[in-house]
Student: 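Handing you this structure, nothing more for now.
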2 protein chains.
Amino acid sequence: MPKISNKGNSMPESPIRKLVPFAEDAKKKGVKVFHLNIGQPDIKTPEVALNSVINNNLNIVAYARSEGSEEYREKLVKYYNSKNIDVSANDIVVTTGGSEALLFTIGSITDFGDEIIIPEPFYANYNGFSTANDVTIKPVISTIENGFALPDISKFEKQITNRTKAIIICNPGNPTGYLYTKDEIEKLAKLALKHDLFLIADEVYREFVYDGLTHHSVMNENGLENHAILIDSVSKRYSMCGARIGCVVSKNKELIATVLKYAQARLSPPTFALIASEAALDTPQSYFDDVIEEYVERRDTLIKELNKIESIKVSKPKGAFYLIAELPVDDADHFAQWMLESFNLNNETIMVAPASGFYSTKGSGKNQIRIAYVLNKESLIRAVEILKIALNIYKNK
Amino acid sequence: MPKISNKGNSMPESPIRKLVPFAEDAKKKGVKVFHLNIGQPDIKTPEVALNSVINNNLNIVAYARSEGSEEYREKLVKYYNSKNIDVSANDIVVTTGGSEALLFTIGSITDFGDEIIIPEPFYANYNGFSTANDVTIKPVISTIENGFALPDISKFEKQITNRTKAIIICNPGNPTGYLYTKDEIEKLAKLALKHDLFLIADEVYREFVYDGLTHHSVMNENGLENHAILIDSVSKRYSMCGARIGCVVSKNKELIATVLKYAQARLSPPTFALIASEAALDTPQSYFDDVIEEYVERRDTLIKELNKIESIKVSKPKGAFYLIAELPVDDADHFAQWMLESFNLNNETIMVAPASGFYSTKGSGKNQIRIAYVLNKESLIRAVEILKIALNIYKNK
């Protein structure tokens with residue numbers, strides 16, 4: 001029988017995926033499962049985007065331009081300009097989601113055995129895109145005690161070798177919800193310049209910034225033009241994760257030309273989703289105001305409720321819609337599975353993402369979970385109630 | 001300035017892409033360009049698929065399952081069964097186009113430096129997917145004299161090393177239009193079994209088979225269950241290239257599990273396109289009958305007209321909608337560019353794909369072009385008229 005490759009065997013499983021069969025079994029037994037495990041918001045997609053697809057008048061669903069149409073990229077330029085990011089249409093390659101943007105970017109700048117530094121905990125699929133490109137992730141650990149702030153820059157410097165090609169950050173962060181300060185971005189920029197590394201910022205949660213704070217993009221750094229790469233996506237911004245439209249943005253012309261070659265090989269981003277994404281750029285500000293208000297209320301509710309649980313540690317996110325909680329358990333993987341497999345409270349239980357999957361350093365985050373606050377307040381209150389009782393029973397069993 | 005990787009630099013450009021600026025310049029000068037260069041059919045997408053998107057009632061454009069919904073895969077099973085391909089939903093991973101199906105499949109079965117054997121001329125983007133996976137293509141040349149039939153199996157055997165992981169065929173073929181016979185598929189199957197290689201068949205043109213011939217899939221080969229991998233796509237079948245839905249099909253459970261890990265890393269295929277693709281499976285047979293009739297007429301018209309040109313050699317395709325023509329020129333790349341840059345006939349010219357880009361062996365196919373017969377008969381007649389006169393002027397200049 002022909003064999004899967006070593007690389008294929010090394011492709012990581014999603015940290016949530018192994019829990020899915022247990023959640024399905026629970027549902028089959030009639031148990032309601034509150035999904036705190038996924039980044040799929042329950043927020044409605046903007047009308048203007050939905051309507052654009054309903055009103056489309058295509059007769060032939062033809063290939064789009066590999067890099068996205070001139071019109072869409074010009075409209076993206078206006079959007080970025082409104083965020084004080086000064087780019088032109090030629091600095092943008094439209095991709096099939098942020099996922100493809102990351103896959104192509106890493107492919108464009110690394111060779112077999114190269115290394116990328118990422119502060120952990122980090123978005124688990126960075127593992128997949130790195131493995132697919134035969135790249136090793138060198139983690140720099142951030143801690144819940146510091147609210148997952150940027151680790152000391154010397155810790156990054158220690159990880160740099162002659163194989164290091166880039167630093168990747170997610171800002172605001174999945175799974176931490178941490179928003180990097182201007183000062184932290186500047187420190188990273190200086191480091192990238194000093195060692196001639198790419199600084200890749202996954203900024204797909206740009207809009208989701210709370211408490212009057214402002215988002216500082218890597219694209220705002222003077223002198224970093226050839227080093228900064230912005231990864232973006234419509235998925236979270238417009239609650240249209242299934243559209244699969246993202247982009248790579250950079251002023252480094254070689255990088256953009258190389259990403260474009262990847263884009264040409266796969267021919268076209270999805271045409272219907274491009275229609276929706278172009279229309280979505282006309283979403284009124286009130287939509288975002290409402291969504292932000294909703295998320296802030298959810299976050300505050302969630303934290304308030306979580307803090308009622310004894311011995312729990314919670315980091316207050318300043319952006320995105322995730323938080324990391326440290327639980328009074330030894331093995332959050334086992335606890336999460338147990339909640340689905342062996343526990344319910346009046347036929348209700350919860351599904352969370354064990355945080356170990358977001359760490360690259362073995363053994364880290366073993367007692368942590370990621371909670372996505374993508375449910376309404378009532379559901380969040382009930383979910384934390386379930387969590388609290390589950391922890392009690394689990395501890396004493 | 002940070003550098004693009006060797007791999008990034010090695011990513012090939014589309015063989016057509018370098019001609020695009022010349023085509024754009026011609027259009028700016030008011031010259032009408034007949035596009036014989038692309039695989040974008042002018043055939044209408046089935047109503048049932050278009051309507052499904054117009055009538056969609058999504059409120060949230062959410063992630064789809066990474067492998068595609070149970071419902072869609074079950075419907076695909078029925079489609080495959082109707083083609084005498086015996087598979088189950090668990091043998092299918094839905095992908096973002098055939099492109100992603102190929103990228104993930106090659107990634108799943110190869111490591112850095114492995115090799116894949118492909119009869120040439122072949123679909124140029126196999127180069128991109130191989131380069132992205134650090135894989136070397138070992139070509140086996142097929143010739144216009146033999147109508148691009150399968151080269152002698154001993155020529156494949158000569159290319160096999162301990163790094164060979166797979167053979168890829170496109171059936172019916174882009175760019176040749178060649179349809180492999182049952183006997184040829186059996187020969188390849190025997191070779192794959194003998195050397196324990198995967199046999200990957202890109203069968204996206206399955207429906208486009210002419211002259212009463214029947215398509216023989218690698219999935220029909222007994223005993224090849226663990227070796228056969230089918231790459232598929234809705235792009236050409238339903239003239240919806242921009243949808244970006246394809247799939248990997250195999251009875252090899254390890255292969256499917258590994259492709260699924262790739263699919264999970266990128267989260268979801270595009271949701272709107274999934275709606276269209278599921279609906280497209282209800283396209284009535286009359287649609288295909290009409291399309292096939294149209295393509296056969298176009299092919300016959302095209303060949304008849306081409307044969308009026310002196311010293312031209314044309315291979316008659318039995319499937320797909322491409323053919324390779326050998327021209328009385330030394331350098332078809334130059335000729336194709338010249339037709340756009342320096343020639344027009346009453347303000348009309350044509351764009352063709354130089355065939356050199358479809359060969360891996362340097363210097364091969366230099367005097368060949370690929371013509372896609374994706375235009376109506378009147379346009380094809382006029383386009384060949386232009387080609388004939390262009391050749392005359394080019395020869396004598």
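Lettering follows sequence order; numbering is per chain, from 1.
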Student: Using a cut-off of under 4.5 Å for heavy-atom pairs, which of B:N226, B:T131, B:L260, B:D42 has the most such pairs with chain A?
Tutor: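 Going by pairs under 4.5 Å, I would pick B:N226.
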
Student: Check whether A:I4 gets within reach of chain B through its side chain, its backbone, both or neither, counting any heavy atom under 4.5 Å.
Tutor: both

Student: Is there a donor-acceptor contact under 3.5 Å from the side chain of A:R163 to the main chain of A:F112?
Tutor: yes

Student: I'd like to know if B:D111 pairs up with A:K7 as an ion pair, taking the criterion as any Lys NZ or Arg NE/NH1/NH2 lying under 4.0 Å from an Asp or Glu carboxylate oxygen.
Tutor: no

Student: Please give me the minimum heavy-atom distance between A:S268 and B:R244, naming the atom from each residue.
Tutor: O-NE, 3.1 Å

Student: Need one label for A:P41: side chain, backbone, both or neither, based on atoms under 4.5 Å from any heavy atom in chain B.
Tutor: backbone

Student: Heavy-atom pairs under 4.5 Å with chain A - which of B:S14, B:G107, B:A273 has more of them than the others?
Tutor: B:G107

Student: Under 4.5 Å, counting heavy-atom pairs only, tell me which of A:H195, A:E47, A:K44, A:E13 racks up the most with chain B.
Tutor: A:K44

Student: With a 4.5 angstrom heavy-atom cut-off, could you sort out which part of A:Y262 is near chain B: side chain, backbone, both or neither?
Tutor: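 For A:Y262, backbone and side chain are both near chain B.
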
Student: Please determine, among B:T45, B:T271, B:L193, the option with the most heavy-atom pairs under 4.5 Å with chain A.
Tutor: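 Greatest number of close heavy-atom pairs with chain A: B:T45.
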
Student: If you tally heavy-atom pairs under 4.5 Å against chain B, which of A:I245, A:I43, A:L103, A:N127 wins?
Tutor: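 The answer is A:I43.
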
Student: Heavy-atom cut-off 4.5 Å, strictly under: side chain, backbone, both or neither for A:A257 against chain B?
Tutor: neither

Student: Give the member of A:A276, A:P270, A:P46 that has the highest number of heavy-atom pairs under 4.5 Å with chain B.
Tutor: A:P270

Student: Using non-hydrogen atoms only, which part of A:S99 is less than 4.5 Å away from chain B: side chain, backbone, both, or neither?
Tutor: side chain

Student: Please flag which part of B:T96 lies under 4.5 Å from any non-hydrogen atom of chain A: side chain, backbone, both or neither.
Tutor: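 Only the side chain of B:T96 comes within 4.5 Å of chain A.
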
Student: Any donor and acceptor pair, going by atom type alone, linking the side chain of B:S233 with main-chain N or O of B:G246 inside 3.5 Å?
Tutor: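 Answer holds: no.
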
Student: Which answer fits A:K261, side chain, backbone, both or neither, if we ask what part of it has an atom under 4.5 Å from a heavy atom of chain B?
Tutor: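 The answer is both parts of A:K261.
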
Student: Check step by step if salt bridge (Lys or Arg N to Asp or Glu O under 4.0 Å) holds for B:E100 and B:R266.
Tutor: CA-CA 10 Å; B:E100 195 184 74; B:R266 66 75 167 116; 2.9 Å; yes

Student: Under 4.5 Å from any heavy atom of chain A, what part of B:A192 do you find: side chain, backbone, both or neither?
Tutor: neither

Student: Between B:E67 and A:R17, does a salt bridge (Lys or Arg N to Asp or Glu O under 4.0 Å) hold up when you go through it step by step?
Tutor: CA-CA 12 Å; B:E67 65 270 45; A:R17 180 58 61 149; 3.8 Å; yes

Student: A:S239 side chain to A:K236 main-chain N or O, any donor-acceptor pair under 3.5 Å?
Tutor: no

Student: Checking B:F272 against B:L58 for the side-chain contact (heavy atoms from CB on, under 4.5 Å) test, could you report, in this order, the C-alpha distance in whole Å, the side-chain angles of both residues, the deciding distance, and whether it holds?
Tutor: CA-CA 9 Å; B:F272 288 122; B:L58 296 181; 4.0 Å; yes

Student: Picking from B:N252, B:N133, B:I109, B:D134, which has the most non-hydrogen pairs under 4.5 angstrom with chain A?
Tutor: B:I109

Student: Heavy-atom pairs under 4.5 Å with chain A: which of B:T258, B:L255, B:N59 has the most?
Tutor: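 Highest number of heavy-atom pairs under 4.5 Å: B:N59.
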
Student: Has A:S52 got a side-chain atom pairing as donor or acceptor with A:A49's backbone, closer than 3.5 angstrom?
Tutor: yes

Student: Are the aromatic ring centres of B:F129 and B:Y126 under 6.0 angstrom apart?
Tutor: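 B:F129 vs B:Y126: aromatic centres not under 6.0 Å.
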
Student: For A:N9 and A:N6, indicate whether the former's side chain and the latter's backbone hold a donor-acceptor pair under 3.5 Å.
Tutor: no

Student: Among B:M1, B:E254, B:M240, single out the residue with the greatest number of heavy-atom pairs under 4.5 Å to chain A.
Tutor: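 Greatest number of close heavy-atom pairs with chain A: B:M1.
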
